[in-house]
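So that the names make sense, note that chain A is the first sequence line, chain B the second, and so on, each numbered from 1.
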2 protein chains.
Amino acid sequence: MYSKELLKGTLSAIILNLLAENGRMYGYEISQRVKELSDGKILLKDGSLYPALQKMTKDGLLTYKEEFIGKRVRKYYLLTTKGEEQKVLYLAELKDFLATLNKLVFPQLSLA
Amino acid sequence: MYSKELLKGTLSAIILNLLAENGRMYGYEISQRVKELSDGKILLKDGSLYPALQKMTKDGLLTYKEEFIGKRVRKYYLLTTKGEEQKVLYLAELKDFLATLNKLVFPQLSLA
DNA sequence: AACAATACCTTGTAATTCTATGTATATATT
DNA sequence: AATATATACATAGAATTACAAGGTATTGTT
C-alpha cells in the first residue's frame, strides 16, 4: 500500500478511465478492479470511493442507473458527455505530470 | 500548471531528491530549480515550500545552516542520515506507484 | 447458525498544498 | 534618484481529498 497522499488527484482520473473502458461499473466493482489491476497495491476504501462517485455525479461527470440484483440495489455508474470530455483532459494532464515528475525525480530513467 | 492535488505526496520526494543531488540548497533555489527542470509546469509556491521544509526539518530529515549574503540570511538545507534513508524509501515507493498508475490508466503505453 | 463477502452509506479526521498577506534586501530599469 | 522587479524568508487560514470508523442489509459459504 502506498502513502495515501500519493493517490490524491489521481483517483478521479482512475475512475473516469475505468468507466470509459468498461462502459458501466458499480462502486464495489470499481474497487475490486483497481485492486486487481494494481496487484493489490492500490486499495480504494469505500470511505473514499463512494463520496468520490457522489461528487463526480454532482459535478455532472457521471450518472447512474439502479438495478435490482435480488433484493439488493446496485448503482451502475457511467460517463456523461461532460465526463468523457473531462476524462480526456484529466488523462492528458496526468500523463504530462507523470512525465514531468519522472524527468525531475528519475532523470536517468527518462529517455528523451 | 497542474491541478494542485497532483503534487501531493510527491513534494517531499522532489525535495529529498534535489538535496541528494546538489548537496545543499536554499528554499528559493529549490523553487527555481523545480520550475526550471519542469519547464515551468511545476511552480512551487513559497506558502507550500517553506512549511514543507520546516516540517521535514522537524521530522529529522533535513538540517540547515544559515549564511549571510550581505545583510540577508539564507538557510541552506541538507539531508540528514535519516533524510538520506527516507529519500531511498520515498523514491522507491514513488517509482513503484508511478509504474502502477501507468499500468492502470495508460495500459497501452506500459510495456511489460 | 455463524461467518465472510458483497454492496451501499455518512460523519468527522488528517494531511498537505495553496492563497493571501507580510517583512526586508538587492538589483535592474527608467 | 525613484520605481519596479527579483530575491528570500515567513505565517494564518482556506480548500481539497482520501481515510478511519461506524452503520445497514443481503447473499454465499462452512
Between CD of B/E67 and C1' of D/dC9 the distance, given in whole Å, is 15 Å
Give, ordered by number, those residues of residues 7-27 of chain B having at least one heavy-atom distance below 4.0 Å to an atom of DNA chain C; if nothing qualifies, reply none.
B/K8, B/G9, B/L11
Main-chain N/O of B/L98 paired to B/N102 side chain as donor or acceptor, under 3.5 Å
yes
Heavy-atom pair with the smallest gap, counting every atom of B/G9 and A/L6:
O-CD2, 3.5 Å
I'd like to know whether B/Y2 forms a side chain to side chain donor-acceptor pair (under 3.5 Å) with A/T100, so could you lay out the CA-CA distance, the side-chain angles of the two residues, the decisive distance to 0.1 Å, and finally the verdict.
CA-CA 11 Å; B/Y2 303 115; A/T100 299; 2.7 Å; yes
B/R74 side chain: which of D/dC9, D/dA8, D/dC19 is closest?
D/dA8
Backbone N or O of B/L44 within a donor-acceptor pair of the B/S48 side chain at under 3.5 Å?
no
Looking at every non-hydrogen atom in both residues, tell me the closest pair between B/N17 and A/L104 and how far apart they are.
ND2-O, 3.4 Å
Considering only NZ, NE, NH1 and NH2 on the basic side and carboxylate oxygens on the acidic side, decide whether B/E84 and B/K87 come within less than 4.0 Å.
no
Which of residues 28-66 of chain B have a heavy atom under 4.0 Å from DNA chain C?
B/K45, B/G47, B/S48, B/K55
B/E67 side chain to B/V73 backbone, donor-acceptor under 3.5 Å:
no
Summary of ring-ring contact (aromatic ring centres under 6.0 Å, His included) pairs that have at least one residue in residues 38-70 of chain A, sequence neighbours excluded:
A/Y64-A/Y77
Could you tell me the separation between the CZ atom of A/F68 and the C1' atom of C/dT6, rounded to a whole number of Å?
16 Å
Whole angstrom is fine here: how far is it from CZ in B/F97 over to P in D/dA18?
10 Å
Spacing of B/E5 atom CD relative to D/dA18 atom P, expressed in whole Å
8 Å
d(CZ, B/R72; C1', C/dA24) in whole Å
8 Å
Would B/K82 and B/D59 count as a salt bridge (Lys or Arg N to Asp or Glu O under 4.0 Å) if you check the C-alpha gap in whole Å, the side-chain angles of each, and the deciding distance to 0.1 Å?
CA-CA 9 Å; B/K82 186 177 175 185; B/D59 292 343; over 6 Å; no
Nearest-Å distance for atom pair NZ/P, residues A/K71 and C/dC8:
18 Å
Round to the nearest Å and state the distance from A/K75 atom NZ to C/dC8 atom P.
8 Å
